[in-house]
Student: 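Pasting a structure here, questions to come.
What's counted below: heavy atoms across the whole structure, side chains too, no hydrogens, waters or symmetry copies. Fair warning: this is a prediction, and the values are worked out from it, not measured in the lab.
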Amino acid sequence: MTSTDDESFAPGAAMADAFTVGGLLDRYLLALDSEKLDDVWARSLFTADAVVAFPLSQHEGIDGLSEWHRNSLAHFARTQHLNSPAVVDCAGDEATLRANLVSTHVHHPGGRGPELFTAGTSVSGAARRTPDGWRLTRLSFGLIWVDGEPPGARG
């Protein structure tokens with residue numbers, strides 16, 4: 001069989017896969033700001049062996065991933081994550097992605113210092129096609145710049 005006989009290698013299929021993988025990042029970031037982060041949410045986006053790495057902490061595996069996210073976000077009254085379109089490269093059932101992200105975090109009232117903590121980061125990741133569809137296997141956030149005080153530094 002040639003690659004033109006296999007629909008999974010057709011240019012349209014690769015574009016659809018790239019769109020789907022990029023959408024996983026979009027769904028992930030939007031959920032951080034407005035959705036219930038539970039185990040159903042985690043399983044809809046990540047593989048069982050997924051790794052998520054923030055600049056100051058990392059979590060490995062699906063177990064406890066939603067709680068880890070909730071605990072990280074609890075430091076703030078609210079957040080907003082704005083990302084660029086992801087550049088996605090697919091190779092069969094594996095994909096990599098890259099994007100830029102600006103995250104604005106609103107501190108809880110009452111602390112000293114600025115109300116906002118804003119960060120610009122580079123996002124890199126990987127995804128795998130599973131029986132349930134594409135899922136993220138890795139997300140890594142690299143700090144480029146910050147403005148304001150991170151959690152715990154406000155006093």
Student: Please name the pair of heavy atoms, one in Cys90 and one in Ala95, separated by the smallest distance, quoted to 0.1 Å.
Tutor: SG-CB, 3.9 Å
Student: Can you tell me how far apart CZ (Arg43) and OG1 (Thr130) are? Round to the nearest 0.5 Å.
Tutor: 12.5 Å
Student: Step by step, would you call Ile62 with Thr47 a side chain to side chain contact (heavy atoms under 4.5 Å, CB included)?
Tutor: CA-CA 7 Å; Ile62 197 81; Thr47 59; over 6 Å; no
Student: Do Arg138 and Thr96 get their side chains close enough for a donor-acceptor pair, meaning under 3.5 Å?
Tutor: no
Student: Please check if Val102 and Ile144 belong to a single hydrophobic cluster, counting links between Ile, Leu, Val, Met, Phe, Trp and Tyr side chain heavy atoms closer than 4.5 Å.
Tutor: yes
Student: Testing the basics here: between Leu143 and Ala119, what is the closest heavy-atom pair and its distance to 0.1 Å?
Tutor: CD1-CB, 3.9 Å
Student: With a 6.0 Å cut-off on ring centres, are Tyr28 and His69 close enough?
Tutor: yes
Student: Please determine whether residues Phe54 and Leu139 belong to a single hydrophobic cluster, defined as Ile, Leu, Val, Met, Phe, Trp and Tyr linked transitively by side-chain heavy-atom distances below 4.5 Å.
Tutor: yes
Student: Flag the pair Glu149 / Pro114 as yes when at least one side-chain heavy-atom distance between them is below 4.5 Å, and no otherwise.
Tutor: yes
Student: Is it true that atom CZ of Arg78 has more than 12 heavy atoms of other residues, nucleotides or ligands lying nearer than 6.0 Å?
Tutor: no
Student: Looking only at atom types and distance, does a side-chain atom of Arg128 sit under 3.5 Å from a main-chain N or O of Asp93, one as donor and one as acceptor?
Tutor: no
Student: Would you confirm whether the ring centroid of Phe76 sits within less than 6.0 angstrom of the ring centroid of His107?
Tutor: yes
Student: Can you see which heavy atom on Gly22 is nearest to which on Ala86, and at what distance?
Tutor: CA-CB, 4.2 Å
Student: Kindly give the heavy-atom pair with the smallest separation between Leu101 and His81, and that separation in Å.
Tutor: CD1-CB, 3.8 Å
Student: Determine yes or no for a side-chain-to-main-chain donor-acceptor pair under 3.5 angstrom, with Ser34 supplying the side chain and Ala31 the backbone.
Tutor: no
Student: Answer yes when Asp49 and Arg135 have at least one side-chain N-carboxylate O distance shorter than 4.0 Å, and no when they do not.
Tutor: no
Student: Does one side chain, of Ser66 or Asp38, offer a donor that lies under 3.5 Å from an acceptor on the other?
Tutor: no
Student: Do Gln58 and Ser140 have side chains that approach each other closer than 4.5 Å (heavy atoms only, starting at C-beta)?
Tutor: no
Student: Between Glu115 and Val106, is there a side-chain heavy-atom distance shorter than 4.5 Å?
Tutor: yes
Student: Taking the side chain from His59 and the backbone from Gly61, do they hold a donor-acceptor pair closer than 3.5 Å?
Tutor: yes
Student: Is a donor from one side chain sitting under 3.5 angstrom from an acceptor on the other, for Thr79 and Asp33?
Tutor: yes
Student: Going by heavy atoms in the side chains, are Thr118 and Trp145 under 4.5 Å from each other?
Tutor: yes
Student: For residues Arg27 and Ser44, report the shortest heavy-atom separation together with the two atoms involved.
Tutor: NH2-OG, 3.3 Å
Student: Between Trp134 and Phe19, is the gap from one ring center to the other below 6.0 Å?
Tutor: no
Student: When clusters are formed by joining ILVMFWY residues with side-chain heavy atoms under 4.5 Å apart, either directly or through shared neighbours, do Trp68 and Leu29 land in the same one?
Tutor: yes
Student: Could you tell me whether the side chains of Asp26 and Asn83 share a donor-acceptor contact shorter than 3.5 Å?
Tutor: yes
Student: Under 3.5 Å, is there a donor-acceptor pair between the side chain of Ser84 and the main chain of Asn100?
Tutor: yes
Student: Heavy atoms only: give me the nearest Leu32-Leu73 pair and the separation to one decimal.
Tutor: O-CD1, 3.4 Å
Student: Roughly how far, to the nearest 0.5 Å, is the CG atom of Asp17 from the CD atom of Glu94?
Tutor: 11.5 Å
Student: Is there a side-chain contact between Ser122 and Phe141 (heavy atoms, below 4.5 Å)?
Tutor: no
Student: Let me check something: do Leu37 and Leu65 share a hydrophobic cluster, defined by ILVMFWY side-chain heavy atoms less than 4.5 Å apart, either directly or through other members?
Tutor: yes
Student: Is the closest side-chain heavy-atom distance between Leu97 and Leu136 below 4.5 Å?
Tutor: yes
